[in-house]
Amino acid sequence: MTAITLNVNGASHAIDVEDRTLLVHALRDTLRLTGAHIGCDTSQCGACTVHIDGRAVKSCTVLAAQAVDSEIRTIEGLAKGADLHPMQAAFREHHGLQCGFCTPGMIMMAVDIARRHPRPDDATVRAELEGNLCRCTGYHNIVKAVIAGAAAMEGLA
Amino acid sequence: MNAAPSTTAKFGQSVKRVEDSRLITGNGRYVDDLLLPGQTYAAFVRSAHAHARIASIDTSSAAQMPGVVRILTGQDLVDAGLAPLPCGWNLDSVDGTPARVAVHRALATDAVRFVGEPVALVIAETRNQARDAADAVFVNYEELPTVVDLRAAIAPDAPQLHADIPQNRAFTWGIGDAAQVDAAFARASHKVGIELRNNRLVPNAMEPRAINAEWRTFDRSMTIHLTHQNPIGMRVMFMMLLGLESENHLRVVSPDVGGGFGSKAPAYPEELAVAFAARAVGRPVKWTAERTESFLTDAHGRDHITTAELALDDQGHFLAIRVHTLANFGAYVSTSNALVVSYMYATMLTGQYNIPAAHALVEGIYTNTCPVDAYRGAGRPEAAYLIERLANLAAQEIGVDQAEIRRRNFIRTFPHQTPLVYCYDSGDYEGCLDAALRLADYAGFESRRAEARARGKLRGIGLSAYVEACGIGPSRLLASLGGAGSMWESCEIRVQPAGSVEVLTGAHNHGQGHQTVYAQLVSERFGIPMDRITVIQGDTDRIQAGTGTYGSRASVGLSAAARSCDKIISKGREIVACMLGVEPDQVDFEDGIYSSAATNQTVAFAEMAHAAHAAASFPTDRIEPGLVATTFFDPPNFTYPAGVHVCEVEIDPETGVTEVVAFNAADDFGTVANPMIVEGQVHGGVTQGIGQALWENAVYDPETAQLLTASYMDYGMPRADSLPEFGLTFWPSPTPVNPLGMKGCGEAGAIGSPPAVINAVCDALGIAHMDMPASPEKIWRICRQRSEMA
Amino acid sequence: MYELAYVRPQSLTDALAMLAQDDGAQALSGGQTLMPVLRARLAMPTRLVDLARLHELAGITPAGDGIEIGAATTHHDVSTSSAVRSVLPALAGLAGGIGDAQIRHRGTIGGSIANNDPAACYPSALLALGASITTSQRTLAAQDFFTGMFSTALEPGEIVRSIRLPACDKARYIKFRNPASRFALVGVFAARLPGGYRIAITGGGNGVFRWQEAEQHLDSGGSVSAIAEERLDIGNFTGDLHGSAEYRRHIAAVTVRQAISAIT
């Protein structure tokens, strides 16, 4: 076991992990932040998406140790208390989720899309969601939610 | 916690979902999120061979590895008396002999019969330690010949999977009147025939299967957290299989469940083995499938080879249909598959059409592949695909438009007794067709086709008029057809003294939005705000009884809820009558207020609830205190949702790539509880159907029986950029078979869409048929052949 | 993943020493290919030496009339770099289409070319453009660097430091995606350099290669429409369940014609 410190959602956590521990396992099992989910083992479903230094990444494809000295943000760190992040609110408003399993990864990816494309169109959102699988929604309402959420984030900025 | 709005909702409104607040903030609670004191982890040793005798298993070095708590083999389980997995449906062959059901054990003992079959189970202190030790278990296999292909499996010289099941045939089951069909074919003016495959699919719920089982030695009881569609059913099943003393010794909890689509309805060997292991080691044991394990072992869907013929008169009226299907069962019979390939499939083969005569034979066949079971639609997509492909061939044969051939054959009066057991409840098939054609601008298609041709693209349009069967019941009918489980649903409504309400349902939500829709119903009926209502499900310690969620069964559970609401309101009327000194029939109830014209007084629902608990304003010898109502609703018939899907594709003849450029649908789901949620169900179902038609395909190597599509690298999942926006409309004919008029909507999208897509592809290419998935290379070869001929 | 040690060197010298002292050591850059391989227990390195933060491997700088890209530069940074977009826009386009957005945020150019996956995008650009690759020991031409499927001229312990590419505004990368994995079923990088046309094809299955016959055809004034797939050696292609060798070859020729049309 190796002692490492992870900065997650603005707080510093000293934890002991095996070097082979993936970031997603450190978040889920050690820090008990279970919002990031594991839906595949080939880095394709995107359910584990979190932000490292402001960029969306798949936390199943990063060792916890690789994320030392970075700022990690998870779905749990998105809302400010009871106030939902505009992207979270947009997913609810537009019925962008059904079973909810892919949702934390979708929302973290959507926030990243909005950061890079402040007013994304339908085609941009669909292309940018290439790395996130959903089996319930057919993506129809997710696309609408991302567009609306991005617009709402613009409004706040 | 209740994040519902503080306003009253109406049934039928697009109310935003109550469950979303926790799911969008990372506060969902799925089985893998749970860690228990003393937690251990399980990893399976799985067969790399598709067919082999297990000569020996050496666990000695694995047992010495760090953190290993216990290693169990199939023999250990047999020695401890663990029962094999049950088959949930009894069928007889046409010759009267019962189906041959192979013994299916939680861990293989004598032989393995498909790649990924579990052979041993390692319990360790950490996930990594369990996996490390599983890698160190040495199994000595003697390889046996394999068979994947359905026809090869029933050939005389085929490798036999099970010693007591000759030619790998579980049954040859039939339905309908063969003599009538023969007579109709003899006088037919036209016949069209087809041979097609319904491709094997992997369900791919995004949350992999997971279980966390905990044994308490002091009271010999077990708690299982299980990602499942039917926790109450699993309690009975696991109680019996594990030999527990009673239902009271087992609690099953299915918390947030990340999608099911049928694949979380069976009883699986891995879960049974883990539950057994938890008792064996006396500590909580958790197992969460890795995606590769899901591909290898989650019950697959579909996988038929069918030959069929349709007889027509000279006007294109359908006279008779004759069907012969080989259904791949995989290596064992999964819980419900015998039902799926018989009464959920063959009964629906006449579709929306008035076909006087029909006959179908279905052979259930074992192969060295993963077991097959219900996957979204479960039998009905296979039936709709067949009849809707035949309908288009009939249109070609007669020389009429694909809409016209359907119009000529639609059933127009209801109830309608089909020649295949079922009696359709209600519908307006032609109205629905017209609605879909308007939405899709069917009339304007030829100009779009011409415009595409100018760009070098082949544009095609495909129709599909599907009908399916939902809300399965009544229980007595199902039992007479071979069912081993009941088909009612229950709902208990408890009103608390301050007027808040608990709704307990035996149905299970895994994405369908039950928490919202049940609350909508109760909010409207009682006239109370949504945030006063809590919907409770998925925990056998809290729910009295139920049968879970599959087969688009929301109508059954919600009907139970509606009846319980009626009982509460009725009891309230008696209480208010006492309070106001009038007769119950002088008390009205509307928008949450009891009133009596006789006294000009009103009593709010919450005041009535308080009075019911205070028990001071009515005689308790005549009216019991408290306010609880329970209903068990057993539907008197199935419901028959129907609709018309219209797909438009554009094909690039140079690459063979198909793009779905438009997809429109008009659906009859009867009463729609929440249009936003119902549309979402259709979006998802249609996407799975487009996936089946264009990309998804579970492929086993014909020689080795290795699964070649065992990850998202090789299994073509629909993604956001491969789909169009969908256009939907509803064309409801409420059903008379339940008090709400609901028919169900969960599977329709996956049933109607595959034939619409393939009909469009065939229309674009001007061909009679192409098997799914319509892959770019297959299409390119057709286009190339044509350009060479030109 | 099997048990292993993770180390993060502070300098290139440290990194090379760590790689040299342990036969089982494996260089780790973005890890977007390596991590799934390790999760599937298909490789068993004893330690991972993390190169991602080494300043010696960072940065995109002008070099002559072209650019030099540090090995640890992510696909995202290449795709959004104003320097790359101005002198070699096709490379920015290529980088912006690798994997998905999350993978582009971590995956690096050095990691990609050192792995030389037969379906990777970057090797086609380097081969077509005649890039040079500077390693910890030497500088190699792209044609000498890529030696076959999953194989390069890198010696044990040798790592990629930077990639130098010429400016070229007449270049295009087009990827025909595998519908499942979204990797290149076929990818074509076509460029018009001062010395003539260059065409490199990836995704065929046996590793990246140049289609010199088509280059010569174009250099001698041949038309785009006359680029015939029959002249593309089918031995460069293998088949699988997503497409036969014949289909891949056809798609390669179609894609070459599209790419050449886009730059002429």
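Proteins come first, then strands; the chains are lettered A, B, ... in the order of their sequence lines, and each starts at number 1.
Closest heavy-atom contact between Tyr139(A) and Pro718(B): OH-O, 2.8 Å. Of all non-hydrogen atoms in His683(B) and His140(A), the two that sit nearest each other are CE1-CD2, 3.2 Å. Taking both residues in full, the closest heavy atoms of Gly39(A) and Tyr712(B) are given as O-CE1, 4.1 Å, listed atom of the first, atom of the second, then distance. The two residues Cys45(A) and Met206(B) make their nearest non-hydrogen contact at CB-CE, 3.6 Å. Heavy-atom minimum distance, Arg291(B) versus Asp41(A): N-OD2, 3.3 Å.
Taking chain A as the reference chain and counting heavy-atom pairs below 4.5 Å, the highest number among Asn509(B), Asp32(B), Asn27(B) is found for Asp32(B). Of the listed residues Val257(B), Ile690(B), Asp132(B), the one with more heavy-atom pairs under 4.5 angstrom with chain A than any other is Asp132(B). Across Gln688(B), Glu290(B), Gln681(B), the residue that shares the most heavy-atom pairs under 4.5 angstrom with chain A is Gln688(B). Counting heavy-atom pairs closer than 4.5 Å to chain A, the top residue among Asp256(B), Asp721(B), Thr126(B) is Asp721(B). When the candidates Ala205(B), Gly680(B), Gly259(B) are compared by the number of heavy-atom contacts under 4.5 Å with chain A, Gly680(B) comes out ahead. Between chain A and the options Arg29(B), Gln512(B), Glu19(B), Glu696(B), heavy-atom pairs under 4.5 Å are most frequent for Glu696(B). Counting heavy-atom pairs closer than 4.5 Å to chain B, the top-ranked of the candidates Thr42(A), Leu133(A), Leu129(A) is Leu133(A).
Contacts between residues 68-81 of chain A and chain B, counted as heavy-atom pairs separated by less than 4.5 Å, involve Ile75(A), Glu76(A). Inspection of non-hydrogen atoms places Asn141(A), Lys144(A) of residues 141-150 of chain A under 4.5 Å from chain B. Contacts between residues 103-120 of chain A and chain B, defined by a heavy-atom separation under 4.5 Å, are made by Thr103(A), Pro104(A), Ile107(A).
With rounding to the nearest 0.5 Å, the separation of CD in Gln39(B) from CG in Asp29(A) is 9.5 Å. Taking CZ of Arg20(A) as the start and CG of Asn128(B) as the end, the distance is 3.5 Å to the nearest 0.5 Å.
One N or O on the side chain of Arg719(B) and one on the backbone of Glu130(A) form a donor-acceptor pair closer than 3.5 Å. For Arg135(A) (side chain) and Pro203(B) (main-chain N/O), a donor-acceptor pair under 3.5 Å exists by modelled atom type. A donor-acceptor pair is defined here as one N or O able to donate and one able to accept, closer than 3.5 Å; such a pair exists between the side chain of Gln44(A) and the backbone of Met713(B).
A salt bridge does not link Asp33(B) with Arg32(A): none of the charged nitrogens is closer than 4.0 Å to a carboxylate oxygen.
The ring-ring contact (aromatic ring centres under 6.0 Å, His included) pairs that include a residue from residues 93-115 of chain A are His37(A)-Phe101(A), Phe101(A)-Tyr30(B), where partners are two or more places apart or lie in different chains.
Glu128(A) does not touch chain B: none of its heavy atoms, backbone or side chain, sits under 4.5 Å away.
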